[in-house]
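For clarity, every value in this text was computed on a predicted model and none was experimentally measured. Count residues from 1 along the sequence. When reading the values below, keep in mind they use all heavy atoms of this one structure, side chains included, and skip hydrogens, waters and symmetry mates.
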Amino acid sequence: MAEAKKINKLIKIIGCGKMASAILDAWLKKSISPQNIYVDDPKPSEWLLDKKKHGLNINTTANLSFDYCFIGVKPQSLNEIKLKLKTLSKKNVTFVSMLAGIKINRLESIIGKDESIVRIMPNLPAEILKGVTAVKENERVEPKQSKNLNILLEAFGETVKFSKESKFDAVTAISGSGPAYIFLIAELMIEVGTNLGLSYDEAFKLVKYTIDGAGSLIVNSSLEPQKLRENVTSPGGTTYEALAVMMDKKNGLPKIFSAAIKAAAQRSKELSKV
């Protein structure tokens with residue numbers, strides 16, 4: 001993972017909800033100076049206001065030459081910030097959009113076709129510097145801009161660069177929404193554990209460290225997930241019985257997960273038309 005402190009750029013963030021705040025927090029942890037970051041948000045959170053005490057610029061009107069402008073509003077609010085984006089055009093700013101479903105060509109129609117525009121899809125584990133961010137650049141992004149942006153993005157996790165923007169609906173459904181799927185699995189495991197006689201604290205500790213350990217195995221093992229699953233599944237054992245239910249083709253997880261992830265991808269496509 002690259003050290004973000006190696007670059008000293010002026011960054012503007014328009015819209016600082018949960019995702020943008022997670023990214024901002026990661027940058028601050030990586031020693032990026034808060035004085036170099038300017039946030040525009042109509043309703044700044046208490047957390048954001050607290051950062052202002054340490055030099056973060058919030059809702060200032062400074063006319064500066066920003067290097068990067070991160071767009072973190074809700075997709076439905078894009079039209080509300082058109083003027084702010086236009087005022088930054090033709091100033092060598094690289095625009096970085098994290099708006100689910102909003103395609104680069106739509107941003108170009110607002111900001112300008114000659115502008116450097118990057119579409120990203122980060123996810124919430126960025127909050128603990130373990131995110132993964134999908135990246136798609138338009139043809140106007142220069143190599144140096146791309147390199148410095150990658151350093152910024154790797155400050156909070158891994159990056160995956162895509163040549164085809166058409167894959168972003170799937171990206172959104174898999175990694176963007178993915179943490180919520182794992183959280184739901186944790187909820188359900190804890191609930192069943194308590195129903196089987198464990199206390200909430202006992203079940204919670206068992207579940208969270210099981211998920212953490214399994215995730216670390218996927219990251220650090222040379223084996224694929226299928227092989228890891230097979231290695232922990234003894235024929236006729238307890239895991240075998242559980243997986244027989246989960247992997248049932250008619251009512252099991254394969255059918256449910258397929259339908260759920262496809263629904264998320266479809267919603268991403270719908271947002272592109274908002």
Once you round to the nearest 0.5 Å, how far does [atom1] of [X] lie from [atom2] of [Y]?
X      : Y      : atom1 : atom2 : result
Ile71  : Asp40  : CD1   : CG    : 11.5 Å
Leu206 : Glu202 : CG    : CD    : 7.5 Å
Ser166 : Lys103 : OG    : NZ    : 8.5 Å
Lys227 : Ser222 : NZ    : OG    : 11.0 Å
Met121 : Ser268 : CE    : OG    : 6.5 Å
Asn148 : Asn8   : CG    : CG    : 10.5 Å

Could you check whether any side-chain heavy atom of [X] comes within less than 4.5 Å of a side-chain heavy atom of [Y], counting everything from C-beta outward?
X      : Y      : answer
Ser146 : Glu137 : yes
Phe156 : Lys30  : no
Leu78  : Leu85  : yes
Val132 : Thr159 : no
Leu24  : Leu56  : yes
Val73  : Glu80  : no
Leu28  : Ile37  : yes
Pro122 : Ile23  : yes

What heavy-atom pair brings [X] and [Y] nearest, and what distance separates the two atoms?
X      : Y      : result
Lys144 : Tyr68  : O-OH, 4.4 Å
Glu165 : Ile102 : OE2-O, 4.3 Å
Thr60  : Tyr38  : OG1-CD2, 3.2 Å
Leu124 : Pro179 : N-CG, 4.5 Å
Pro34  : His54  : CG-O, 3.2 Å
Asn138 : Glu115 : ND2-O, 2.9 Å

Shared hydrophobic cluster, [X] / [Y] (ILVMFWY, side-chain heavy atoms < 4.5 Å):
X      : Y      : value
Leu184 : Ile190 : no
Phe204 : Phe183 : no
Phe162 : Ile120 : no
Val96  : Val39  : yes
Met98  : Ile32  : yes

Next item on the list: Go through the steps for Ser97 and Ile117 under the test side chain to side chain contact (heavy atoms under 4.5 Å, CB included), then give the verdict.
Entry: CA-CA 8 Å; Ser97 168; Ile117 298 176; 5.5 Å; no
Backbone N or O of [Y] within a donor-acceptor pair of the [X] side chain at under 3.5 Å?
X      : Y      : answer
Ser21  : Lys18  : no
Ser177 : Ala173 : no
Asp67  : Leu10  : yes
Ser221 : Ile218 : no
Asp41  : Cys16  : yes
Asp169 : Gly101 : no

Margin query: Going by side-chain hydrogen bond (donor to acceptor under 3.5 Å, both in side chains), name the residues that satisfy it together with Gln226, two or more places apart in sequence or in a different chain.
Written below: Glu230
Item checked: Audit row: Met189, Val192, side chain to side chain contact (heavy atoms under 4.5 Å, CB included) steps and yes/no -> CA-CA 5 Å; Met189 290 176 69; Val192 174; 6.0 Å; no
Check: How about Lys90: does its NZ atom have over 12 heavy atoms from other parts shown lying under 6.0 Å from it?
Finding: no
Checklist line | Greater than 12 external heavy atoms within 6.0 Å of Asn220's CG | finding: yes
Note to self: For Lys29 and Asp25: C-alpha separation, side-chain torsions, deciding distance, then whether salt bridge (charged side-chain N to carboxylate O under 4.0 Å, His left out) applies.
What the structure shows: CA-CA 6 Å; Lys29 287 175 181 175; Asp25 190 37; 3.3 Å; yes
Note to self: If you apply the rule side chain to side chain contact (heavy atoms under 4.5 Å, CB included), what do you find for Asn63 with Lys91, and how did you get there?
What the structure shows: CA-CA 11 Å; Asn63 185 19; Lys91 295 181 180 179; 3.8 Å; yes
Identify each donor-acceptor pair in which a side-chain atom of residues 238-265 lies under 3.5 Å from a protein atom, sequence neighbours left out, and give them as a table.
residue, atom, partner, partner atom, Å
Asp248, OD2, Lys250, N, 3.1
Asp248, OD2, Asn251, N, 2.8

Note to self: Arg140 vs Asp114, test: side chain to side chain contact (heavy atoms under 4.5 Å, CB included). Steps then yes/no.
What the structure shows: CA-CA 7 Å; Arg140 300 294 180 179; Asp114 293 328; 3.2 Å; yes
Next item on the list: Sorted by first residue and then second, give each ring pair (Phe, Tyr, Trp, His ring centres under 6.0 Å) pair with at least one member in residues 69-125; sequence neighbours left out.
Entry: Trp27-Phe70
